[in-house]
Every structure is written in structure tokens, then in C-alpha cells.
Amino acid sequence: MNKYRSHTCGELTVKDKNKKISLSGWINKKRDHGNLLFLDLRDNYGITQCVIENSHVNFKELEKLPLETVIKIDGKVLERSKDTVNKDLNTGMIEISINSYEILGNTKELPLPIFSDQEYAEEIRLKYRFLDLRRKKIHQNIILRSKVISFIRSEMEKLGFLEFQTPILTSSSPEGARDFLVPSRLNPGKFYALPQAPQQFKQLVMISGFDRYFQIAPCFRDEDARADRSPGEFYQLDIEMSFVQQENVFEVVETLMINLFKKFSDKKIIHEKFPKITFSESMLKYGTDKPDLRNPLIISELTEIFKRSDVSFEIFKKLVKKGSIVRGIITKNTKDKPRSFFDGIDKWAKEQGASGLAYFTIEKDTEVKGKGPVGKFFSSQSIQELMKISKAEVGDSVFLACGKKNEVEKILSDARDKIGHELNIINYNSYAFCWIVDYPMFEKDENSKKIVFSHNPFSMPQGDIKNLDLSNPLEIKAYQYDIVCNGVELSSGAIRNHIPELMYKLFAIVGYEKEQVDKKFSGMINALSYGAPPHGGIAPGIDRIIMLLAGEKNIREVTMFPMNQNAQDLMMNAPSEVDEEQLKELNLLIKKKK
RNA sequence: GGGGGUGUAGCUCAGUUGGUUAGAGCGAUCGCCUGUCACGCGAUAGGUCGAGGGUUCGAGUCCCUUCACUCCCGCCA
């Protein structure tokens, strides 16, 4: 008991009947009957109905108080009569007969209502975030976030990991995203960078002999926002382990994810042992390296069909001759779907900027044949061959895309989502995790035609590392992996390359001299030269995990004080101009806009 | 940097082929109402139709420019 409350607004029950209590909170809602006033008092823990009659000396004052005024109420707990019980409230069996009240905080007229399920413009929500956060749904999301992070900490500790903080003011990294820079006062003209991730530090933690590290790590990247990507800052569950192989990292993450998702969601986890899909298989079957495995549709490679003489689909055949490829999606038992379904998909594909999706349905009377706009171009034998390749059956349909490999992958990947949704064959009430493995170490840059690192230059290549064949660099796979859930990339990770000599060789392939590597990555290379353990890790995105658990599509719904798309904090007015004096101290001059 | 969407009362939105004084619900203010829990009923106030320019007898509506928010592409080792 303190001067403000004896109980919270979520805890009183019939057991407390006739107790004299005090509650403090916000006026959530009033129902004014003229001679009888109901007043719902709200705090973090719940809502309690309070009631006062017009015979009471304070009646007229309470009647006039605006919603969201913060008040303290002294009163008595009354059991509600049976017909006035509210089953939607934990405290719905009781109400408080108001004895006296005290205003603790007045309110101006509200720029947005708190007690409403309406959606509001982001601008007003972000400017008055402290009001927005009072609203039930986002309030619960933020509480969920706290509980998830707390659970992760305790699970990681149980798994033998130690949590360490790494520097926020560090050095600019030469590759990767754009850095946030912080000018140094003591070192004029020089800048710190905020870490894009504690990547190098966590490797240094391993080299320092701490064996298993984790951190709920803030990461800063100065890149443009998306619905699932905050501008500026986000959080990763940063993990690194010594003396491990890829499989050991997977075990830890699978254990954690399954415990976490079971604890915080009732949705079904489809594969408790996460399937491993190679990068190349994923690009073929799903058209992306972040497949949504809740969707059963699969893409088939069908280019060969269009080289046959008994296929007369000339548009595709011509393109194939020029080097295009053809892939298709089979939909099971769609022979009775109306024409509008197929045309709708085709039209949608054209809207996506593709040349559309050709389609036909496989039918059989005396022999197998294609029905639909392009069905007539295929001989019975060619369709049978197509059925063999794609495991299609009579009654199924096929949607075909033709073009450059990356274009076909893109449109069919999107088409999987679209068609799966239209056919209602995606179980949205489930989680489908998978690992994407065997990423290529290198790739050819489309523009420059040069060989570049496809992911992380510090990943360990696969194969015999003492005698690695470097003659076909594009063939080299890395111990580099992603974890994906429901089409959301939660994280990438890798077994790291802890052998400096090997690193020089790999950097040589992308055109870096030893001296350049030494200069650019001096900290890392130097540390790896003094007895580095084999190590590897991963860093699942905390915000995205919470989005999945909360069923939210926008990262701002699980972030307490997010910035808007232009990386501005509308509540705190950041970024802002600073005093001339501050700039002077930092040896900075601002170039005036024309 | 590029493309799409949105912008009308404090909030959420409607407003037809350009045509009288721009509307509704919630909220606010005032009044009535003793069992509501999205209480009910009545009244009142509240508008630079994002901004600027143009076409027109006449623009919330059409055209141009611009700003803000948002979604996407680029970007995110």
C-alpha cells in the first residue's frame, strides 16, 4: 500500500468483496446515466469499473472529467449482481463504489482516441507515441517484446552462453551498409561509426577464449526503410560459438526457436526439425532464398520441353533459343477453376511487370492434352514429359514463365504467394522454419562482370581447406546459412574463416592484394594470427521474431519509439540542427543548401 | 535516386459528369437519462478541402508544380 494505490486495475475479484481499496489510473471510458456514472479505470494491468451515484458530493465533478485524466479513486469493492457481470474483464465480477477521488494528472483534448480499434495515420501515432502506446494492441505487443527478450536471455544462459556488451562507438567498416558516423571531438576530422552489427567484436570474443557469446545487440545501418525494416537501428540476437561446426549452431538455434515459439504462440510449428534446403535448390523450387514453406506450391524447370519439335509455342521457343529459360508452377486439381481465376493470375503477373504467365490445364479423354489458351501448342507426348518432370497429374494446371533466370525466379516466387493465397492452400496459422545452406562463396557481379563475395568475406569455404581448389571460384560453397520462417529471413550466419592465409587467397580472387586486406581488416587479420579457434555463429533479428509472434506486418507495431520512413523521430524531433558552438567543437562546417 | 497510393472537422472517413451554404460517425461543449460496459437521447461549436499556381462564369473535384505520410524498387557484406 502506498499513497496512490492498494491494488492495480487488473487484480480485484470477488475475494476482495467489501474491502476498502484505492486504485490509480487513466479514465478509459465513461458511461453517464445522469444519475449514475460508470467510469472504467485503466492501468497497465487491466480495467476496473467504478461507479458513483448522483447523491454523492463528487458526482458532478467526476461526470465532467475528460477521458485519459489520471485519477486516484478510494472506494469499496462490490460484488456485481449476476446480470451485470462483464465476462470480458478479469475484474468483471466486481466494481468499485467510489468514495472519494483525486486528480493526479490532467489532460488536454486528445489528438487521437485511446479507446478505439480504429487505425490511425502513422504521423499522428508517432508524434504522440506515448498516447499510441496506451492503446491495447500495441501495448500488448511491447509487453510481448519484453517477455520474449527476457525469455531469450534465460534460455541462452541455460544453453551455456555468456552475454557481453560490445562498443557502440567503433570504426567504420569498409564493406556492407552505409554507416552512421559520429564526429570525434578529440580527434578532429575523424569519425566513429555505429556498429552495423558486432560482427568483428563477436569474433574477437571467441579469439579471447570466451567460448560461447550472445548479446541482444543494437545494430545501426543508414539504409532506407521498409515495412519490416526500421531506418537506423534494430536488434539482433547475436550469437557466436567456438569449436563448432554448422550443425552445432543449428542445434542451438532450433532449440531456442522451438521453445520460444511454443511459449509465445499457439500456432503450429510445421517442422520441429528444420528442413535444410540448399541455396540452389531453393532458388529453383521457390525462386527465392527465403521460401515460405507453408505454401506447398513448387516450381519446376521446364526449359527442355520448349526445345522439342512437337511443341509449337513459338513465343517461348524463340526466347529459349536466345538463352531464356522456362519454369512453371503446378497447381493440383484445378481443372474446374473458372477461366477468371487463370486470367486473374495472368493479369496480376502483367501488373508486376512480367510478360504474364501462360497457362493450361492437363486433361485426358483418349489421350493427354492441354486445355486453355496455350494448351494446343503442346503435343500429348510433350505434356507427358512435362508431367514426369514436374510430377503433375491429369486435372492439374501449369503456369509458365519465360525469361532470364533471375526474372523467372522473381515472378514465379511472387506467383507462388499469389496463387497459394488465391487457392487458399497456405496455412497461415502455422510457422514453417527452414535452413538455407550451401551459399556460394562468390558470385559474378551483373554490372562489372567481376567476381565478388556473394555474402560475407569472412565465411569459411567448404571443402578441403588445406588444398582448396580455387580454379573455379564460382563453384566454391561456403559454410554460410540463413534461417527462414514463413518467408521471412530471420538471420544469416556462418562458420567463420579463422585462417589468415586462406583469407588472403580468397580475397585475391576478388582482386585484393595482401596489403589491402591487412589495411582494411587489420584488427581481424591481426587477431586471427595469434591462435584463433574455429568458430561460427548467427544473429536472428529480434524485431522480426516478435513480428512473427505478434502476427504484425509492420516493424513499428513491435517497436516502442520507432522513426518514420525518413528516419525522423517525430516525437523527439530527431534529427535536429545543433548549435554553432557544438559544430565548432567538432571541427565541422555545414555546407549550406542551394 | 525512381515508381505507386494517400492527404477534406481533434480522430476515422463520404463527397457522383466541375454547379447553391462541403457532410456522417466518434471525440469536444451544453442539456436529459439509475445498471451500463462501443450505454441511450437532444442540441451546439469545430473546415486555409496539405500548399502554390493555372484552366473555367464557377474547382474539394480538371491540369501543372510542390510538401508530408506510406508501400515498393534501388540499397540493406
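Chain identifiers are assigned alphabetically (A, B, ...) following the order of the sequence lines, protein sequences preceding nucleic acid strands; residue numbering begins at 1 within each chain. Just so it is clear, the model here is predicted, and its values are computed rather than measured.
Here the side chains of A/Phe38 and A/Lys29 are not in contact, with every heavy-atom distance at 4.5 Å or above.
For B/U70, its base never sits under 3.5 Å from the side chain of A/Glu123 at any donor and acceptor pair. With hydrogens and angles ignored, no donor-acceptor pair under 3.5 angstrom links the side chain of A/Arg221 to the base of B/C76. Under 3.5 Å, the side chain of A/Arg226 and the base of B/U70 form no donor-acceptor pair of N or O atoms. A donor-acceptor contact under 3.5 Å links the side chain of A/Arg229 to the base of B/C75. Side chain A/Glu95 to base B/G35: a donor-acceptor pair is found below 3.5 Å.
Distance from the side chain of A/Thr84 is smallest for B/C37 among the nucleotides B/U70, B/C11, B/C37. Of the candidate nucleotides B/U36, B/G27, B/C76, B/C76 has the atom lying nearest to any side-chain atom of A/Ala177. Of the candidates B/C71, B/C37, B/G27, B/C37 carries the atom nearest the A/Gln49 side chain, counting heavy atoms from C-beta on. You'll find that the side chain of A/Arg556 is closest to B/C71, out of B/C71, B/G27, B/G35. Closest to the side chain of A/Glu63, from the set B/C75, B/G35, B/C33, is B/C33.
A salt bridge links A/Asp543 to A/Arg145: at least one charged side-chain nitrogen sits closer than 4.0 Å to a carboxylate oxygen. Salt-bridge check for A/Glu240 with A/Arg496: passed, with a basic side-chain N closer than 4.0 Å to an acidic carboxylate O. A/Arg229 and A/Glu223 are not joined by a salt bridge, as no carboxylate oxygen comes within less than 4.0 angstrom of a charged side-chain nitrogen.
For the pair A/Ser81 and A/Leu126, both in contact range of RNA chain B, the more 5′-proximal nearest nucleotide belongs to A/Ser81.
Contact check, A/Lys64 against B/G31: a side-chain N or O comes under 4.0 Å of OP1 or OP2. Listed pair A/Arg544 / B/C76 fails the phosphate criterion, with no side-chain N or O lying under 4.0 Å from OP1 or OP2. Within the structure, every side-chain polar atom (N or O) of A/Asn86 is placed at least 4.0 Å from both OP1 and OP2 of B/G35. Here A/Gln565 does not reach the OP1 or OP2 of B/C72: none of its side-chain N or O atoms lies under 4.0 Å away. Contact check, A/Arg31 against B/C39: a side-chain N or O comes under 4.0 Å of OP1 or OP2. A sub-4.0 Å separation between OP1 or OP2 of B/C69 and a side-chain N or O of A/Asn566 is present. Contact between the side-chain N/O atoms of A/Gln118 and the OP1/OP2 oxygens of B/C26 is not found at any separation under 4.0 Å.
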Intermediate values then yes/no, side-chain contact (heavy atoms from CB on, under 4.5 Å), A/Val488 and A/Leu548: CA-CA 9 Å; A/Val488 175; A/Leu548 283 169; 4.2 Å; yes

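Comparing the same atom, C1', in B/G25 and in B/G18 gives a spacing of 28 Å after rounding to whole Å.
The side-chain ring of A/His33 is stacked on the base of B/C39, judged by centre separation under 5.5 angstrom and plane angle under 30 degrees.
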